[in-house]
Amino acid sequence: MQILTEAIVLHLAKYSDKASILHLYTMDQGRLALMVHGLHSKTGKLTAGILEPLMHIEIEANLQPNRTIQTLKTAHLKYVPRQIRTDMNRRTVSMFIAEILYRTLRYPLSDPLLFQYLTNLIYQLDCTPNPENLHLQFLLNFMQYIGISPDLSGDEPWLDMQDGELTPIRPKHGQYFTEEETALLKSLETTEEILVSRTLRQALLHKLCQYYELHIADFRQPKSLQVLETLFD
């Protein structure tokens, strides 16, 4: 079956001297893994530049039943970024967001609302004057789509009575975060245009990543996290 669909680049990995494997989140098929040939050859039709993390592209591909890796025919940019490629801060945030998506969106299940959110996010990252809190807002908003949103009301108990003893509950709610962190998260639910100190931003970034690790099986901390910590002084 031949398909034409919009997609967001999650990860590109070298498979051999002549082929790479491209991981995408597509509008119609959910997550896809595609074999890309001739990416680094002089006569190849594709360039690595359009397959960088978080690029919004349109692809044509051949899908075969019962195959885990499909074949990419063509790809081109659906949205041409203005600053993501040239601004180091935006580029690092894009790599971080793509890595989170790569580690969480594992199945070929489409979600049009999620795809629309992500394409809007790409435009926002590219165009907003102050993107320093955008990765925090993403981590918070993305939880809604994968069903692990914290309860920021702080009303749920932190301890549970089991067999006559108080036992800590695995953090799934607002009490996982401090009062200061909870207040900031509530603000980020509506806007990223708020002033946040570098210390608090780093602390909250680690807390949110740990929250993902607690709630998603086999989730690993993003490699780009360490680089992201050095930005937005």
Side-chain angles (χ1 to χ4, degrees), residues 8 10 25 53-54 56 79 81-84 87-105 111-156 158 169-216 219-233:
I8 295 169
L10 305 183
Y25 183 69
L54 215 66
H56 181 194
Y79 171 74
R82 303 172 186 176
Q83 301 184 78
I84 291 177
D87 184 292
M88 180 56 68
N89 289 353
R90 297 173 201 270
R91 188 182 181 93
T92 304
V93 171
S94 71
M95 293 173 61
F96 174 78
I97 292 174
E99 196 171 356
I100 292 290
L101 297 174
Y102 175 70
R103 297 183 185 281
T104 53
L105 300 176
D111 185 339
L113 291 178
L114 172 58
F115 192 88
Q116 184 63 55
Y117 165 71
L118 294 175
T119 54
N120 290 341
L121 180 70
I122 293 169
Y123 178 82
Q124 190 178 8
L125 175 61
D126 194 40
C127 298
T128 185
N130 302 302
E132 60 264 24
N133 295 326
L134 196 60
H135 55 296
L136 300 179
Q137 188 184 43
F138 159 72
L139 288 172
L140 180 63
N141 290 337
F142 183 50
M143 291 178 186
Q144 300 174 23
Y145 294 95
I146 56 178
I148 62 169
S149 292
D151 177 5
L152 298 178
S153 67
D155 295 333
E156 295 185 19
W158 175 248
I169 300 174
R170 187 184 186 187
K172 293 184 180 180
H173 43 68
Q175 292 189 17
Y176 175 76
F177 302 99
T178 66
E179 289 185 9
E180 187 178 19
E181 292 166 347
T182 299
L184 176 56
L185 288 173
K186 288 180 178 179
S187 299
L188 287 171
E189 284 182 321
T190 56
T191 177
E192 82 282 357
E193 298 290 338
I194 56 176
L195 293 176
V196 182
S197 69
R198 183 173 184 267
T199 301
L200 180 56
R201 186 185 296 113
Q202 286 187 348
L204 190 56
L205 176 60
H206 272 275
K207 209 76 168 285
L208 286 167
C209 287
Q210 288 171 359
Y211 186 92
Y212 273 74
E213 196 169 14
L214 283 169
H215 291 83
I216 299 175
F219 180 86
R220 291 182 294 168
Q221 294 294 316
K223 295 179 181 178
S224 53
L225 177 61
Q226 200 169 22
V227 180
L228 191 60
E229 289 178 327
T230 65
L231 302 181
F232 307 118
D233 288 334

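Treat the numbers as computed from the prediction; the structure is a model and nothing was measured.
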*Which atoms form the tightest heavy-atom contact between Ile122 and Ile84, and what is the distance?*
O-CD1, 3.8 Å

*Provide the closest heavy-atom pair for Pro129 versus Pro131 in the form atom of the first, atom of the second, distance.*
O-CD, 3.6 Å

Kindly compute the distance separating [atom1] ([X]) from [atom2] ([Y]), expressed to the nearest 0.5 Å.
{"X": "Leu204", "Y": "Thr182", "atom1": "CG", "atom2": "OG1", "answer": "9.0 Å"}
{"X": "Ile97", "Y": "Leu118", "atom1": "CD1", "atom2": "CG", "answer": "8.5 Å"}
{"X": "His135", "Y": "Cys209", "atom1": "NE2", "atom2": "SG", "answer": "8.5 Å"}
{"X": "Leu101", "Y": "Ile146", "atom1": "CG", "atom2": "CD1", "answer": "9.0 Å"}
{"X": "Leu225", "Y": "Gln202", "atom1": "CG", "atom2": "CD", "answer": "9.5 Å"}
{"X": "Tyr211", "Y": "Met143", "atom1": "OH", "atom2": "CE", "answer": "5.5 Å"}

*May I ask you to test the Phe177-Leu185 pair for a side-chain heavy-atom distance under 4.5 Å?*
yes

*Is Asn133 close to Leu184 at the side-chain level, that is, under 4.5 Å between some pair of heavy atoms?*
no

*Judged by modelled atom types alone, do Asn120 and Gln124 share a side-chain donor-acceptor pair under 3.5 Å?*
no

*Test: Glu99 and Lys223 ion pair at under 4.0 Å*: no

*Checking side chain to side chain contact (heavy atoms under 4.5 Å, CB included) for the pair Glu132/Asn89: CA distance, chi angles, key distance, verdict?*
CA-CA 8 Å; Glu132 60 264 24; Asn89 289 353; over 6 Å; no

*Mind checking what makes side-chain hydrogen bond (donor to acceptor under 3.5 Å, both in side chains) contact with Gln210, not counting sequence neighbours?*
none

*Name all residues meeting the side-chain hydrogen bond (donor to acceptor under 3.5 Å, both in side chains) criterion together with Thr92; count only those two or more places apart in sequence or in a different chain, and write none if there are none.*
none

*asked:* Checking Asn141 now: which residues fulfil side chain to side chain contact (heavy atoms under 4.5 Å, CB included) with it, not counting sequence neighbours?
replied: Tyr117, Gln137, Gln144

*Check side chain to side chain contact (heavy atoms under 4.5 Å, CB included) between Pro53 and all other residues, then give those that pass, not counting sequence neighbours.*
Met95, Ala98

_Passing option when Pro222 is tested against Val227, Ile100, Leu228 for side-chain contact (heavy atoms from CB on, under 4.5 Å)_ = Ile100

*asked:* Asp87: which residues meet the salt bridge (charged side-chain N to carboxylate O under 4.0 Å, His left out) condition with it, sequence neighbours left out?
replied: Arg90

_Under the ring pair (Phe, Tyr, Trp, His ring centres under 6.0 Å) test, residues paired with Phe142 that sit two or more places apart_ = Phe138

_I need the full list of salt bridge (charged side-chain N to carboxylate O under 4.0 Å, His left out) pairs touching residues 118-131, with sequence neighbours left out, sorted by first then second residue._
none

*Donor-acceptor under 3.5 Å (Thr128 side chain, Leu125 main chain)*: no

_Flag, side chain of Asp111 to backbone of Leu114, donor-acceptor distance under 3.5 Å_ = yes

